[in-house]
Structure formats: C-alpha cells, structure tokens
Amino acid sequence: MALKIVKGSIDRMFDKNLQDLVRGIRNHKEDEAKYISTCIDEIKQELKQDNIAVKANAVCKLTYLQMLGYDVSWAAFNIVEVMSSSKFTYKRIGYLAASQCFHESTDVIMLTTNQIRKDLSSPNQYDTGVALTGLSCFVTPDLARDLANDIMTLMSHTKPYIRKKAVLIMYKVFLKYPESLRPAFPRLKEKLEDPDPGVQSAAVNVICELARRNPKNYLSLAPLFFKLMTSSTNNWVLIKIIKLFGALTPLEPRLGKKLIEPLTNLIHSTSAMSLLYECVNTVIAVLISLSSGMPNHSASIQLCVQKLRILIEDSDQNLKYLGLLAMSKILKTHPKSVQSHKDLILQCLDDKDESIRLRALDLLYGMVSKKNLMEIVKKLMLHVDKAEGTTYRDELLTKIIDICSQSNYQYITNFEWYISILVELTRLEGTRHGHLIASQMLDVAIRVKAIRVFAVAQMATLLDNAHLLTGSMQRNGICEVLYAAAWICGEFSEHLENPLQTLEAMLRPKVATLPGHIQAVYVQNAAKLFATVLKSQEGNTDSTTAQETSQLMIDRLPLFVQSANLEVQERASCILQLVKYIQKLQQKDVEVAEEVIALFAGELNPVAPKAQKKVPVPEGLDLDAWINEPPSESESEDEQPKAIFAKEEPKHSRPRHTEVDEKELARRREARKQEQANNPFYIKASPSSQKVYQDAPGVEHIPVVQIDLSVPLKVPGLPMSDQYVKLEEERRQKERAEKKKKEKKKRKEKRSGRGKKHDSGPESEEDITPAHMVDIVTEEMPENALPSDDDDKDPNDPHKALDIDLDKPLADSEKLPVRSHRAAEAPKSPAEDGDAESAATQEPKKKSGKEKREKKKDKDRDRKKSKEEKKKKKHKHEEKEEDLLGGQVEEPVVQSEETSEVAAPPTSTTAEVSDLDFWLSNAPVPSNTQEAATVAAAEAAPVPEAALGAAPDSEPDEPKDTEMEETKSSKHKKKKQKKEKEEKEKKKKKKKHHHHHHHSDGGGEESVQNGTVEEEEPLPPMSNYCLLAENSYIKMVYDIQGNLQDGSQVVVSVIFENKCDSFLKSMEFNVLDSLNSKLQRPEGSGPHDGLTVPFQLPPGVSNEARFVFTVQSIVMPQKLKGTLTFIVKNEDSSTHEKLDFKLHFTCTSYLITTPCYSDAFAKLLESGDLKGSSVRLEGVNMPFHHLLARICFHHHFSVVERIDSCASMYSRSIQGHHVCLLVKTSGQTVSIDAKCDEPTLLGNVLDEIKQTFSQC
Amino acid sequence: MIKAILIFNNHGKPRLSKFYEHYTEDTEQQIIRETFHLVSKRDENVCNFLEGGMLIGGSDYKLIYRHYATLYFVFCVDSSESELGILDLIQVFVETLDKCFENVCELDLIFHVDKVHNILAEMVMGGMVLETNMNEIITQVDAQNKMEKSETRQPETIS
C-alpha cells in the first residue's frame, strides 16, 4: 500500500516529462509560443520543489527548449543543483544541460568547482565520464586552473574509458590555462604509447591540435610519431599523425626526406581513401618544403598528381572535390605538373556542383601562361554569361581579374584585349565588384603607357553610354567603373579624339544621380577636358567652339554646385567661377589655353599599395603616444558584426591603434552632430533625394525608373574581346612564321647541331611577344623603405599563449596549483598579480639556466660534427682529451626515448634535441634508427649509468669550448632575447586578461574594485607556503587547506625540494597523531606507520604531495610533530637520512574562502547569533587594498563590500562557523571588528591576523 | 576540431544542436537557419562539403554534411579534421543511432533528444573525436543506460 502511495505521488509530480512536452508542442502548431510559455511557467513551479527527480525532469525539458532557441540561463542554479545529485541519472541530465547552456560568463560556474572535483574522483567511472564530458564544454580559466591537477591525475586512471576522456579534455584546459601545458606535457606524451588504442588516439589528437598551432615546439616528438606511424593500424590515428607531419615538415626538411618513403608506401598499399588522401597531402607538403633541394622527387610528384587525377575523375563528387583541393597545393610549387591536366580542370568548370567549380577556378589561377591566357579567359567569360547565381558569377569575375593581373600582368600580351575584357565585364548585372574593375582600368591605363590611346577611347565610349550602366543597374556597384572612366578620360584627355563630345557626356544632368565621389571626379575631370578643348581650339581663328564650350560649362556646372555632397559642391563652385573668369577673358580675345592647361600639368605616377606603410618612422616620433590625453570614460564600442564560426581577424597589424581611432572619430562625430543640432544657424539636413550621397557610396535610395531590357546589351562602339583572340592568333602565327624564316636563315649560316630545341618554338613561353610595347611603370616606393613585411599573426589568437617550449625542464614555479578551494574570485586578483610578478622576478634565473643549456646544445652539435669529420677521415686519435670527448658525445646518442625519460631533466633536453638530430641524419629506413641506437649502446657499454652522470661530467669542459662558440652563442642570444620579449608580452596580455576577467566576473565584488584597479600599485608577491623543515638534502614547504566536502578534514600540501646532487628515494612521511588531529593512513596500516611519498626526487627537482588529516575541534591552533625519512642515493653509495618537522595547524587553515553577498552578510550580522571581538593593528604601513589582499590571501577571507577605507569581509570554517570582519583604516592604524559564532576560534584567527601584519 | 554538430530535418526544424563554442540562443538559431538554407538548396548528388558563406567565417572551416531520408547531419569542422574521416564519423553516428533505437527514424530523435546527446557524447567530446568504434560506443551507452535503470528500480526495492 505504502508503495502505491509513494508511486502515486511521484506520478503526480511527473505531470509532464520531455516526451509530453514534445508531443504538446507538436499538437500546438498554431500557438506554439504561447504553449511553450505556459510550459516554462510549469517548469518554474517544478524547479521550486524540493524533489530532485522533479527538478531533473524540469531541467531535461529546459535543455530541449534551449535547442529551440529559448534562453534558459535563468535556471543555471537549478542546473547546478541537478548536477550535484548523487544519482547518475540526474547528474547526467544536469551536466548535459550545463554543457548546452553554460559559458564563461555564467556566474554560477564558480560554484561548481568542488562538485566537479568530487565527481572526477568518484568511484563510479560514469560519474567521472559525465563530469569530464560536461566540463569539456564549459571549462573556464578558473575551472581549468583549479581542476588541472585533478584531471592530470585522471590521465593515469586505471580505466581506459576515463583516461581517454581526461587526455582529450587536457587540450581545453591548456587553452584556458596555458601554464598547465608544461607540467602536464610529460604525462600527455606518455599517453602516446598507452596500451589502449582509444587513449593513444586521444593523445595523438591533442598533440596534433597543439602542434598545428605551434609546430616548432613539437619537432622533438617526430621520432615518436614516426614510430607510431609505421606501427599503428588505426586509420584515425594515422590520419592525424600524417596531418601533423604535414605541419612539421616545413620546419625541418630532413624530416620530409625521411617521410617520403613510408608515405609513398602507404599511398600504394592503403585501400582507405581518406588515408590515401592525407598521405598525398603530406607528401605535397614535404615536396613544398624541399622545393628544389632534391632532384629526384619528381617521381613523388608524379605519383601524387596521378593519384589526384584518379580522385578527380572519380564519379564520387567528394573525391573530385578533394582531388582539386589537393591539386591546388601542388600548383604553388610545381605548376608544370598540374598544367598537364588542364583539360580535366576545365572540364570541372562545367560541373553542376558549385563547390567543385569554385575549386577548379582556384586551380586555373596557377595554370595560365602567356599562351593560354586568352583562351582560358574566353572560356570563363562564357561561364560568366551562363552563370545563374550572382555569387558564383562574382567569383568568376574576381578570378578573371586575378588571373589576368597576377604577378604584374605577367601573362598579358595584349592589353587592348584586356581592356576590352574589362569593358565587357561592366555589362554584368548586379555585381558587387564594380570597384575592382574600376581599379584595374585605372591601374592599366596609368601603368601601361602604350595602351592609353586605346583605353581613353574605350572609356569615352563608356561615358557616352553611361546611361546603359546606371539606368538599369542602379542597385549595384558597377557605376564605380564610371569613376575610372571619367578619371582616365580627363587625365589623358590629350589622347581623346573628340574631347568636346566626352565633355558633353560628362556634364549630362543624369550624372547628378551618381554617387557623390563619382560626381566629384566627373566635375574635376570635366575641367581637365575643358582645358584640353581650349588648347585644341587655340590658334583657331574662329573662337566660337571655345566660347561654346565655356558656355556649356557655365550652363551645366550649377547643377553640381547644388550638390549635397561637399566635395562635389566645392569643386563645382571653384571650377564654375574659374570658367566664368575664363569666359570673360575669352570675350576680350585673350589667349588663356596655356594657363588653363597649366592647372593640370604634370604626370601622376603610380604609388605602390604598401608604400605608405613602408615609410620608416623618423627617429623620435612615437606613433603610439597620445597627442591629447584620451577621454576618461570609455566610449561604447561600435558593435561589429561577428563572424559566427571563426573569430574575425583584425585587418591591421596594429588593431589597438585603429580601434582607438575609430572610437575617437565616432565620439567626435557624435559631438559634432550634437553641436549642429543645437546650433540654430546650422541648416539641418533636409530629406532631399540628394542628401543620401553624403554618407553612402551605395546608391540604393535613388529613385530611378527601372528600364526593362530583355535584349542583352551590346554597347555600340565597344569592342568585343573575342575578336582579339582571333587577331592575336593570327599575329602570333605571323610572328612564328617570321621567326622560323629567321631561324632557318640562321641555321643555314651556322649549321650547328645545337639549338634544336628552338624547333619547338611555338610551345615555349618566351617566344610570344606582346602586341604592344608594354612599358609597365613600376610602382613608386618611398626612399629608404623598410623591406620587411609585417607579421601577419593575429595577436588575439588563443593558441599564441600555448607557444611554449616544452623541452625545457620544469621550474618550481610551474607546478600545477593544488589548492582545493577557489570559490571566491575577485579579492584574489591582486594576489594573483603578485604571483605573476614573482614569476617575473624568477625570469632572469630561468634565463641564465636556459642560456647554459643552449650553449650545451650547441656544443653537443659541434662535437658531433667534429666527430663525424673524424670518422670520415678515419685517422687515429692523437689527443687523448679529444678521445674522451668523443666518448661522451656518444651518450646523448645512446639515449633512446626510454632512457632520456629516466635521466635527470637538464640532460634530457639536450638528449632529446640531439636525438632528433641523430634520428634525422640517419638513413631513411626506420628500423635502422633502432639498430643504430643499439649498436651505439653496445659501444658505450663500458660507461654504465652514463645518462645520469652526463650533466655534471660535461661541466668542466665548458671553458675550453666557449671560446670557439662565442660567435654562435651570440646569435643564439639574440634569438633568445626575441623569445623573451615575446614571452613578456604574453605575460602582459595574460595579466590584462585577468583584469578583464575579474571585472566581468560581476557579483558582489564589483563594487570593491570599480575604477580602482588601474590606479592601485601592484602587490608584492605573496605565498601561503611556509617552511616546514630543511637540511642539506631536502627542503620542505607546506600549506594547509580545509576540505569543504568533509568538515573534519584538512589537506596539507607539502612541496619537497631536492637540494643536493644525489637522488632521493623511498621518502616516508610520518606524523605523531594527537587526540584531536590524525593523519589519514590507508586502510590496513597501523596508527604509527608512515606514508610513502609517491615519487622520487632527482637532483634539483621538487614535487608536491598531499596528506589528509582529520581534525575534531577546530577552534584552537595546534602543532604536530613529524619525521621524514628518506634514502640518499649516490652513484656508489646510499644512506638513510631523516628530518624532523613540526606541522603548525593554524585556525586560519580551517577557514575556507567563501563568497558572500552583501545582503546575506547584513542578515547574518542582524541575526544576533554572533559574538563580537576586536583588535587594533598599529603601524601598518601599506595601501588598504594590499592589506585586504593579504587578509584574503593568507587568511582565506573574501571581501563582501568595500567603501573607501572600510571593508567588510567574510569567511567560513570547514565546520560551518561564520566569521565576519569589519576592517577600517585611518593613517597607520587598522581596526578590525569581528564577529563569529565561536569566540575561541575568532580570538585565534584575530591573533593570527595580527601576527601576519606584525611580520611585515 | 569540430565546431558544431547540427541535425535538422528537411524543413529546417532542429532535432539536435551541439555547439562546442558558446553562442547566444539567438545566434544558434540563426546558424541553424542559415546552415539549413545553405545545405537544403544543394542537389542530392553533389559533394558533401561546403565552404564559404558568411556563416562559417574564415577559410579554415568547412561544413561537412550527409542527408539521410528526412534528416540532415551537419558537422562544422576546421582544417585539422580529415574531410573523409568526418563523413565516416557521421556514418558511424547514424549507424550507432540505428542500433540504439532499433531502426532509427526522425521520431526517435524528436522524442529522445537527450539520448541522442548521450550517444554523441561518447563519440565527440568538446569538439574532439573521442571514439570511432561503434561497438565501443554502444557498450558504453548501454552500460550507462543499465545504471540508470538500476537507479530507477532502487526506490522500489527499498520500500
């Protein structure tokens, strides 16, 4: 019975599940929105209930609604509740919902840290799996930082299911928290050889993704990947690896040589098209990287092209598409081998599939030659006529222009033909590329002097027929060509046959409907034409023509004087007055032509597009410095349309600068508008039809009657490009005939056997001479222009932060944070800055270490070289010292991957690098590597444990070598300096990022930091780790953190640092338990057994271990005595050592940073449950925000609110005691009023705070 | 990397949307609409790759899709993924759905979008391919479903 009742009530609660919701929506097709809104109301009711099953059901429905486009972020907290259910069913629903709608600015995310950590360490693998999957979608920088260590542990989980997920998610963690890359990388690398293929595949996946962005850091993994490539049978893995090699080869040509053979083998053997295709792709990449270095790779190219042809000819459109895609890559370096497949590619242009046609178009670009350009373009023009969609037609148009104009019009032999092609293109309806055609016309007319006569004639016709362009094509950009036409006619008016007619055409009333900038050009060039007409009439006894022309100008120009466009107006009124004056002079029979012509004297030279950018900045001029101080408040930024799948790349190399400019401009514009609106004397813009030109080059608003022309336009007098093709053919034939004659003559004269190749004359490129004397004027560049091209890398790329040297050994500062609680965010930001700074101060140290290593690397390389030379010579070694050296050189070679891992980190770097060198310089067959390695190992056998001793041994040799290497190392230094700069920049950026982040973090903390952050000086570095004990072998520092999940536990993190030159192993950590506090020992061990530290310490290395203690009462601080025992292992001896220590559990360590909103805080204080106490600190000499940051950092408080020099702070103990502080400062006195529900605890905490500040 | 996975029917109704990068709900709907528009106007026997268009942004991205009866399966991927590999992956996905739902049809996806998500989660994680072996995927999905079942049975056994 009872069961039935329970079931009944559950049924009632489940009044509508997901299926019901979906069904309901389908049944309410007419009023879907209304229905859904009632459903959402129901869901809100359900979420208010305590039953987790009901909540989960509601959340599940919300996830569905989210897919339909409803914002469900309001339920974020409920989602977190469902996530934290102990039942897998609900947990999964919660995590799915979170993964669908959480993102970086979801504020409840910060509440999930501990829940996720708990799930990650759940004994149930599916709890862990679900948490990992969810986290992969919504990981934030904070989560990444806090959970990196936990996830890293999961990479070694016993279940492959968890391992592969943990490995994959590391990529996301790296992206959000780049500092984790170096500490986690060794383990990631290990996973490449995981026994489970899924885990292996995941590791390959992650490393490939990393290497794709920063390939140079992963070169040293090449041998490992090579091994995988030759051994793996998993096509997914193979594809990834092969793709990765494609990214690596450009950096290391030797790698390419090694790859070609196995790749060609794969190409021949595999049946999987996807694999074959990627192999071909990588072979192409290899060939590109080798370029002309190797003579015998033509076979490989042939193989590739041949395979690609098979793909392109396949009936499967997908293969066809990919074939063309890959072909275009070959084209760049080996155009000849692609050109032979022109037939096939032209055929693809007729394909019904647009994707394929576009690919084929890409290929055409590289296939043209002087010989076939006209033919290809003719074919494209046919396609232009046929093309139905405008996008494809526009694509064709740009391709035609690209093809013709590439490398400085290299392939154009007849510019008359090209001009007529351009003119034909102007007849395209609705194209967006009018400006492109226009700029080509201008470019050709300016730079090819010989063509000007022809060009001017064509442009004049174009102007004459302008109504055909503008009439029916108002809505497109084609009228841009009139801009070019008008300018060309004006500038080169001396070539005009009938300037008066053109002038008349340019002053037609219809011109006033053109966009403003075109009108302006019309007006200006009308003046030029006017000057030419006057000039031509000079000396003519009959001056009527000249006078008529002047009258024409005077009649027509007023139309432009009225223009709303400022530019047009200004030019027109100037010129009008000028003409009026000229007319007066003409009436007096004064000869004016010379003077008028002088107005437009001089020739314009083309300027290279990059010329402006290349002008060197004069010394002492700082372009980034403010001329005026920027306005204090930030202006709202203009919203830019965002590209949806990819972030838009900023167009300029200095985006910051331009952005500021835009902002500034927008502000000024706004201000001007305001001013104009308020100024009674300013004539406000009237909604006249002309007004729109003012700001719109687009001409959409112009009301024009559409002329419907169904007949294709054939402009009378315009040339047809086709006739040129014929003419050109004839011309070439003639030329050839003549040439042959000449050659025959020559041969008769010479009669030598050489020069037979000339027979194939008609085929070779050089024989085709241009029809005109083509004088392409080179573009001008400024004097002492900077030759370098700007770096195109996007500074905002998140992967830039991952450009990290992975071979460098880990430094102490790089350990992943293992603090367990990060819940409260904002108050920590100053502390973090401090951290960053402390890292910065450590930089020089690192640098010097790196320098040394670098030198060593150099040396190793040099030694090897010298050794090789020696081998070649096969002389006897004369000097003993040298001989010794040679012996040592072998060591890095001996080290295969396995040994280098065991070896001490400093040596492993060199070992790896030289490993790579060795591997690369070796014979191309993979098995040889291993053989050689074993042979070398056998040789070096007399030196046992060479790997371990290598580093210190080689040290004494250093001074000898340095002299020789001086020049080299200086080079290296330069490089390094660059690197450092980059790194610093990166750091800066990161800092900025943090700031930004904390600002946007919102919540109660915002009020604390508003506006003050920028002004406040940075904090000194702080660390919670304090010394535990130290002797000549080892140093221990520790930190204690409470455990939120268990009110009776604290976690002690101890960092062990090996200070000596020996290996430390078998470390055992033991503590004498007290009644109150006990070290948690594994089950089955006695109460006095020590805990084994789970790692060994090579010299100079440090590592962190965590120990869990259970405590009963937390109101009093206490100390525990303990001992660390360990074995010091030298090469010849090992000794037992021990170190005593005292663990100090402060009351602070039982506090957990917990955020608290101000209203909750006020309620807490009002409740009256808390008992008060206070303390005064004298002589505290630090800024208030430093003080707060210290309390937050050292004592685990968070700031609730801060007003001037007064702040309220909050923290909670692991057993749930509330601790509230009111901190006030005046001068050097700080008073802290505190309230807590446990007075003893409060007293002790205050004492500890006092102590913190007495120490500084 | 996979940027997004979309399933919609011949009328553009979304049946599953999984974005591995955050967009607002409105943008997501816009993406679905635009993608549908791009994909639906293509003939049956043209290639399964689509590039260009404002939607995808940047030449590094491609849409790779397959059309099954009434449903379109669309993956948006960058150049680190093998085109043919993703096509295979879509096939694996559909076959897995077929096994899990026993002759899958659009209605299954309509009413059990959560299950589809769970299956997908075993194949692709955070935009990276997790597993391509159908049997492995089905084993994991089944094991989790079994757990779910045992949890729903639990309260009864207790009472």
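Letters A, B, ... are given to chains in the order of the sequence lines, protein chains preceding strands, and every chain is numbered from 1.
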Report the option among [options] that has the most heavy-atom pairs separated by less than 4.5 Å from atoms of chain A.
options                     : value
B:Asp43, B:Asn118, B:Val113 : B:Asn118
B:Lys13, B:Glu28, B:Glu83   : B:Glu83
B:Ser80, B:Ser17, B:Gly127  : B:Ser80

Under a 4.5 Å cutoff for heavy-atom pairs, which residue among [options] has the most contacts with chain B?
options                               : result
A:Lys240, A:Lys172, A:Met67           : A:Met67
A:Asn124, A:Leu135, A:Thr63, A:Asn235 : A:Asn124
A:Tyr161, A:Tyr64, A:Phe102           : A:Tyr161
A:Tyr277, A:Phe88, A:Tyr171           : A:Phe88

#### Entry: Nearest-0.5 Å distance that lies between atom CD1 in A:Ile25 and atom CD1 in B:Ile110
11.0 Å
### Query
Are side-chain heavy atoms of B:Asp114 and A:Ile93 found at a separation under 4.5 Å?
no
Counting only non-hydrogen atoms closer than 4.5 Å, does [X] touch chain B with its backbone (N, CA, C, O), its side chain (CB onward), both, or neither?
X        : value
A:Leu358 : neither
A:Cys60  : side chain
A:Glu209 : side chain
A:Tyr126 : side chain
A:Leu319 : side chain
A:Val130 : side chain
A:Ser73  : neither
A:Ser201 : neither
A:Leu168 : both

Pair [X] + [Y]: basic N to acidic O under 4.0 Å:
X        : Y        : result
A:Glu104 : A:Lys176 : yes
A:Lys243 : A:Glu278 : yes
B:Glu136 : A:Lys164 : yes
A:Lys91  : B:Glu148 : no

### Shortest non-hydrogen contact between A:Gly129 and A:Ile162, atoms and distance
N-CD1, 3.9 Å
### Query
Can you name the salt bridge (Lys or Arg N to Asp or Glu O under 4.0 Å) partners of B:Glu106, sequence neighbours left out?
B:Arg15
Taking atom types as modelled, is there a side-chain donor on [X] or [Y] under 3.5 Å from an acceptor on the other?
X        : Y        : result
B:His67  : B:Asn48  : no
B:Tyr23  : B:Gln29  : no
A:Lys320 : A:Ser315 : no

Contact part of [X] toward chain A, heavy-atom cut-off under 4.5 Å: side chain, backbone, both or neither?
X        : value
B:Leu107 : side chain
B:Ser79  : both
B:Gln144 : both
B:Asp78  : side chain
B:Val129 : both
B:Gln140 : both

### Task
Let me see the working for B:Phe75 and B:Tyr65 under ring-ring contact (aromatic ring centres under 6.0 Å, His included), right down to the final yes or no.
CA-CA 6 Å; B:Phe75 281 46; B:Tyr65 73 96; over 10 Å; no
### Over-ring placement of A:Arg23 relative to B:Phe111, 6.0 Å and 45° cut-offs
yes
